[in-house]
Amino acid sequence: MTRTSLDKSRIRFLLLEGIHPSAVELLHAQGYTQVEALSGALPEEELKAKIADVHFLGIRSRTQLTASVFEAANKLVAVGAFCIGTNQIDLLAASAHGVAVFNAPYSNTRSVAELVLGESILLLRGVPGKSAAAHRGQWLKTADNAFEIRGKVLGIVGYGSIGAQLSVLAEALGMQVLFHDVVTKLPLGNARQVRDLEELLSASDIVSLHVPELPSTQWMIGARQIAAMKPGAILINASRGTVVEIDALAAALKEGRLLGAAVDVFPVEPRTNKDEFVSPLRGLDNVILTPHIGGSTMEAQANIGLEVAQKLVKYSDNGTTTTSVNFPEAALPAHPGQHRLLHVHRNVPGVMSEINKVFAEAGTNICAQYLQTRGDLGYVVTDIEAASSERALEKLAQVPGTIRSRVLF
Ligand SMILES: NC(=O)C1=CN([C@@H]2O[C@H](COP(=O)(O)OP(=O)(O)OC[C@H]3O[C@@H](n4cnc5c(N)ncnc54)[C@H](O)[C@@H]3O)[C@@H](O)[C@H]2O)C=CC1
Ligand SMILES: O=C(O)CCC(=O)C(=O)O
């Protein structure tokens, strides 16, 4: 697939799921005027119809980018996930179509950690139940089952950016922190990495989950793991809905085995704010239910809007792919006066020599060349004199193994 350089005014951006206006402002300021921003996610067929004309797509956690969506996205150059998780994107399909994917790996970390800490305090005091009762006219003034957070044991599953941030905040409130991670991690403060998940579950007053959605994390907290938790403990899930078996959690809460829970993410989430939220946890007073808003603060969203839009602009303007989640990473300098050829190919032996044969046979003088590979993908960027770029691009597209090529003026 070959693309010649488009005038910025012809490059189309589609931003879904209420991405913060800071993204649109940045794109406009960088000369990209064709930006359509919608508030919700689109069903697959609608998305496929709409995406056919789109060069850059912005999504959050709701939009499912399947292989079939990528098939329909002929013009798509890059996807911006305006969030941390990229499990909603078929990254192999994106790579196979030469589509670069970017995200914002840290911008909402603090927001999630703060929410979890706030929920921990409220649940230890039984506030959700007492508040719900007060709304019904009941006055539940009692200290029964109400506890301070100081001295309690917080068990963090997944000690990455969010888990580690939570650990620091929790210690500041006097909690003891244990964590379980598949990787050996530097414990912050007095936190301690435990041997396995079972040890963490049996020792913690509050268990908070911060793992990515992976085959290995799917349903990692089920009936057996909940039974291994301390009686009267609290479970918090602000990671992904596939990490906890929701029926097992509902059963434990109804039986009173757990003191409470806070759940922000669900196996099935409404696509828009107008769709009904259905869950076996509805109606349980000792459960805080939130609509996947762990990262939804004005601060985080404004920063994410800028960060991801900036990454898309850099890739569009000069081919830089730094921090891409699926592409070889290349930080490229400006290319004044030269044309820049971007070539995405299958990383198999011989492609580079074929590419350079194209330039040699055409007598093209190469001003600069950069190559990076990542797994099955190769990304080579060649700066050449402007006069020969059109012919070179045509020839490059015929190199066996080519996935996509593009020229930047
Ligand atoms: N509720 C919300 O709005 C938000 C949810 N998230 C979710 O939180 C997840 C975590 O975010 P970050 O901390 O930034 O990710 P991260 O990648 O920095 O940390 C994840 C940690 O989990 C560990 N891990 C992976 N598999 C594991 C397993 N089977 N058992 C134990 N540990 C395991 C990793 O080694 C890593 O240390 C994201 O992937 C995303 O799904 C992120 C932001 C907002
Ligand atoms: O804010 C969102 O839409 C998604 C937040 C999230 O889950 C993430 O950043 O991974």
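The residues of the chain are indexed from 1 along the displayed sequence. Read the numbers this way: they start at 1 and go in the same order the structure lists the ligands and their atoms. All figures in this text were calculated on a predicted structure; none of them were measured in a lab.
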(message) Please confirm whether Gly295 approaches ligand 2 to less than 4.0 Å, judged on its heavy atoms.
(response) no
(message) Check this for me: does any side-chain nitrogen of one of Asp275 and Arg62 sit under 4.0 Å from a carboxylate oxygen of the other?
(response) no
(message) Is the shortest side-chain heavy-atom distance between Ile206 and Leu124 below 4.5 Å?
(response) yes
(request) For Met220, counting its heavy atoms only, list the atoms of ligand 1 lying under 4.0 Å from any of them. (result) 30 (N)
(request) If you have a sec, work out which protein heavy atom is nearest atom 1 (O) of ligand 2 and how many Å separate them, to one decimal? (result) Arg60 NH2, 2.9 Å
(request) Report the part of Arg240 (side chain from C-beta onward, or backbone N, CA, C, O) that has a heavy atom under 4.0 Å from ligand 2; answer both or neither where that applies. (result) side chain
(message) Pairs of nitrogen or oxygen atoms closer than 3.5 Å, one from Asp181 and one from ligand 1: do any exist?
(response) yes
(message) At under 4.0 Å between heavy atoms, is it the side chain or the backbone of Asn108 that contacts ligand 2, or both, or neither?
(response) side chain
(request) May I ask you to check whether Val157 has an N/O atom sitting below 3.5 Å from an N/O atom of ligand 1? (result) no
(request) May I ask you to decide whether Arg110 forms a salt bridge with Glu299, counting only side-chain N to carboxylate O separations under 4.0 Å? (result) no
(request) Starting from atom 3 (O) of ligand 1, find the nearest protein heavy-atom neighbour and note its residue, name and distance. (result) Gly295 N, 3.1 Å
(request) Please say whether Asn87 places an N or O atom under 3.5 Å from an N or O atom belonging to ligand 1. (result) no
(message) Can you report which non-hydrogen protein atom sits closest to atom 7 (C) of ligand 1, along with the distance?
(response) Ser239 O, 3.6 Å
(request) Could you list the atoms of ligand 1 found under 4.0 angstrom from a heavy atom of Val183? (result) 35 (O)
(message) Does ligand 1 come near enough to Lys185 that some N or O of the ligand is less than 3.5 Å from an N or O of the residue?
(response) yes
(message) Out of all atoms in ligand 1, which are within 4.0 Å of some heavy atom of Arg240? Include the element for each.
(response) 5 (C), 6 (N), 7 (C), 40 (C), 41 (O)
(message) Counting non-hydrogen protein atoms only, what is the nearest one to atom 9 (C) of ligand 1? Give residue, atom name and distance.
(response) Val211 O, 3.7 Å
(request) Could you find the nearest protein heavy atom to atom 15 (O) of ligand 1 and give me its residue, atom name and distance? (result) Ser161 N, 4.5 Å
(request) Please write down residue, atom name and distance for the protein heavy atom closest to atom 10 (C) of ligand 1. (result) His210 O, 3.5 Å
(message) Counting non-hydrogen protein atoms only, what is the nearest one to atom 13 (O) of ligand 1? Give residue, atom name and distance.
(response) Ile162 N, 2.9 Å
(request) Could you check atom 4 (C) of ligand 2 against the protein and tell me its nearest heavy-atom contact, residue, atom and distance included? (result) Ser61 OG, 3.4 Å
(request) Around atom 29 (N) of ligand 1, find the nearest protein heavy atom and jot down its residue, atom name and distance. (result) Thr217 CG2, 3.6 Å
(request) Please indicate whether any nitrogen or oxygen in Thr109 is less than 3.5 Å from any nitrogen or oxygen in ligand 1. (result) no
(message) Any nitrogen or oxygen of Phe82 lying under 3.5 Å from a nitrogen or oxygen in ligand 2? Just yes or no.
(response) no
(message) Quick test of your reading of the structure: of Ala238, Gly163, Pro105, whose heavy atom lies closest to atom 4 (C) of ligand 1?
(response) Ala238
(message) Among all the protein's non-hydrogen atoms, which is closest to atom 38 (C) of ligand 1, and how far away is it?
(response) Ile84 CG2, 4.1 Å
(request) Report yes if some N/O of Gly85 lies less than 3.5 Å from some N/O of ligand 2; otherwise report no. (result) yes
(request) Look at atom 9 (O) of ligand 2 and say which protein heavy atom is nearest, naming residue and atom and giving the distance to 0.1 Å. (result) Ile84 N, 2.5 Å
(request) Kindly identify the option in Val182, Ile304, Asp196, Val263 whose heavy atom sits closest to atom 26 (N) of ligand 1. (result) Val182
(request) Indicate the ring-plane relationship of Phe102 and Tyr315, choosing parallel, tilted or perpendicular according to the 30° and 60° boundaries. (result) tilted
(request) May I ask whether atom 22 (O) of ligand 1 is less than 4.0 Å from at least one protein heavy atom? (result) yes
(message) Which of the numbered atoms in ligand 1 are under 4.0 angstrom from any heavy atom belonging to Val112?
(response) 4 (C), 43 (C), 44 (C)
(message) Closer than 4.0 Å to some heavy atom of His292 - which atoms of ligand 1 meet that?
(response) 1 (N), 2 (C), 3 (O)
(message) Using heavy atoms and a 4.0 Å limit, tell me yes or no: is His292 in contact with ligand 2?
(response) yes
(request) With side chain to side chain contact (heavy atoms under 4.5 Å, CB included) as the test, would you mind laying out the steps for Val54 and Leu76 before giving the verdict? (result) CA-CA 6 Å; Val54 165; Leu76 195 62; 4.2 Å; yes
(message) Between Arg346 and Asp376, does any side-chain N to carboxylate O distance fall below 4.0 Å?
(response) no
(request) Mind checking whether Tyr159 contacts ligand 1 via backbone (N, CA, C, O), side chain (CB onward), both or neither, at a 4.0 Å heavy-atom cut-off? (result) backbone
